[in-house]
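Structure first, then comments.
One-based numbering, in listed order, for ligands and for the atoms of each. All heavy atoms count here, side chains included; hydrogens, waters and symmetry mates do not.
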Amino acid sequence: MNSYNLYRFKGITIAMYSCYNASGEIDLEAARRLARYYAESGVKGLYVGGSSGEGMLQSVTERKLMLEAVVGEVGSELTIIAHVGAPATRDSVELAIHAEKIGAHAVSAVPAIYYRLPAPSVEAHWQAIIDSTDLPFIIYHIPQTTGFQLTLGLLSKMAAQEKVIGVKISAESTFELQQFKAAGGEDFLVLNGPDEQYLAGRSIGADGGIGGTYGVMPELFLHIEKCYAQGRMDDALKWQFIVNELIVELLSFPSLYGACKAILKLRGYDTGEPRLPLLPVAETDLPRIHALNERILSFAAQAKGAGL
Ligand SMILES: CC(=O)N[C@@H]([C@@H](O)[C@H](O)[C@H](O)CO)[C@@H](O)CC(=O)C(=O)O
């Protein structure tokens, strides 16, 4: 039995976008407003500084500021997971200690990137982060960007520690997800990463999901989750397919994050442009963003009408 409150990490957690002003600097007021919008949407938590949050494109100071704004605004209402992954272990440890100090509920990290490290290095990197705080730790497995393939052996070894409460798996194999769940055991959380496979992940063992596109359609993921929890698989599948069509459209822009940020702007949440090398939406693509936003809002209204 794990002594951490695992329940708070289950369900829908938004991988939150970072907020910048017109000069590209962190915009704390915008971050607070966006966090408030999400708190009111009914989701369980926020994952701050991950892939969608552009943590890898920010300085340690900027990452701390972004997290402080979110924890300060909604930390008493939502579960806040701080992604502290960085190429240098020192930076990750500094971010983890800061996350604990300001009241985040967990830390999470990708393997150390760039050097294409072997498993013992990644283990030492994660262990240093884990040992630096009393917070629970969630492994972030995203081999398509990090190049690191987490083995069942390393996962089991990490999961044997009480502080290692789960893994966020953004790899596309739901088989791997199921294997991780089996290796980690009942008390080990497995959180689905690919939003296109939320329902598939849940059906095969995920306890919830952390996703970037949730940030522009939280109502739809909450609705899929509700249908699934009520055993209404046909409805859950229908809504997952609707969501997937929307994700295909979002992915048709030069950057997914730029598209999501442009949609949020239309709703009155100006989070600025993503940082280069992530591209913003071109002026000429704005009519498409507008139409996509209308479609999402219309589906969100339908989902609500269907009894969310
Ligand atoms: C590579 C990537 O960004 N994957 C996303 C998904 O939410 C992804 O945006 C979505 O499935 C669309 O492909 C998440 O798995 C990553 C995530 O939660 C994060 O932002 O840290």
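- Neither the backbone nor the side chain of Tyr198 comes within contact range of ligand 1; no heavy atom lies under 4.0 Å.
- Within the 4.0 Å heavy-atom cutoff, Tyr257 counts among the residues contacting ligand 1.
- Those atoms of ligand 1 with a heavy atom of Gly50 less than 4.0 angstrom away are 21 (O).
- Checked against the 6.0 Å centroid threshold, Phe148 and His141 do not count as a close aromatic pair.
- Each of the following atoms of ligand 1 lies closer than 4.0 Å to a heavy atom of Ala15: 17 (C), 18 (O), 19 (C), 20 (O).
- Below 4.0 Å from some heavy atom of Ile210 lie the following atoms of ligand 1, by number and element: 18 (O).
- Under the side chain to side chain donor-acceptor pair (under 3.5 Å) test applied with Tyr20, the options Gln58, Glu273, Glu25 reduce to a single match, Gln58.
- For atom 5 (C) of ligand 1, the candidate residues are Gly85, Gly53, Gly193, Ser51; the nearest heavy-atom contact is made by Gly193.
- Under a 4.0 Å criterion applied to the non-hydrogen atoms of Pro194, ligand 1 contributes the atoms 11 (O).
- For the residues Asn192, Leu191, Ile142, the heavy atom positioned nearest atom 1 (C) of ligand 1 is part of Ile142.
- Considering backbone and side-chain N/O of Gly212, one or more are found under 3.5 Å from N/O of ligand 1.
- By the 4.0 Å N-to-carboxylate-O rule, Glu73 lies too far from Arg33 to be salt-bridged with it.
- Of all protein heavy atoms, the one lying nearest to atom 12 (C) of ligand 1 is Glu196 OE2, 3.3 Å.
- By the 4.0 Å N-to-carboxylate-O rule, Asp285 lies close enough to Arg288 to be salt-bridged with it.
- The side chain of Lys168, and not its backbone, has at least one atom closer than 4.0 Å to an atom of ligand 1 (non-hydrogen atoms only; side chain from C-beta on).
- For the residue pair Tyr4 / Glu162, no side-chain donor-acceptor distance below 3.5 Å is found, with atom types taken as modelled.
- With a 4.0 Å cut-off on non-hydrogen atoms, Leu256 touches ligand 1 through its side chain and not its backbone.
- Ring centroids of Tyr140 and Tyr47 are separated by less than 6.0 Å, placing the two rings close together.
- Heavy-atom contacts of Gly211 reach the following atoms of ligand 1: 7 (O), 18 (O) (cutoff under 4.0 Å).
- Proximity to Tyr47 (heavy-atom distance under 4.0 Å) selects the following atoms of ligand 1: 21 (O).
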**Message:** Working note: Phe9 + His105, criterion ring pair (Phe, Tyr, Trp, His ring centres under 6.0 Å); need CA distance, chi angles, decisive distance, verdict.
**Reply:** CA-CA 9 Å; Phe9 298 98; His105 302 102; 7.6 Å; no
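- Between the side chains of Tyr17 and Glu54, not a single donor N or O lies within less than 3.5 Å of an accepting N or O.
- Donor-acceptor pairing under 3.5 Å is recorded for the side chains of Gln127 and Asp131.
- Considering both main-chain and side-chain atoms, Tyr140 comes within under 3.5 Å of ligand 1 through a nitrogen or oxygen pair.
- The two residues Phe253 and Ala259 make their nearest non-hydrogen contact at CD1-CB, 3.7 Å.
- Side-chain polar atoms of His125 and Thr89 form a donor-acceptor pair below 3.5 angstrom.
- The shortest contact between atom 8 (C) of ligand 1 and any protein heavy atom is with Asp195 OD2, 4.0 Å.
- On a distance-only criterion, Ser170 and ligand 1 share at least one N/O pair closer than 3.5 Å.
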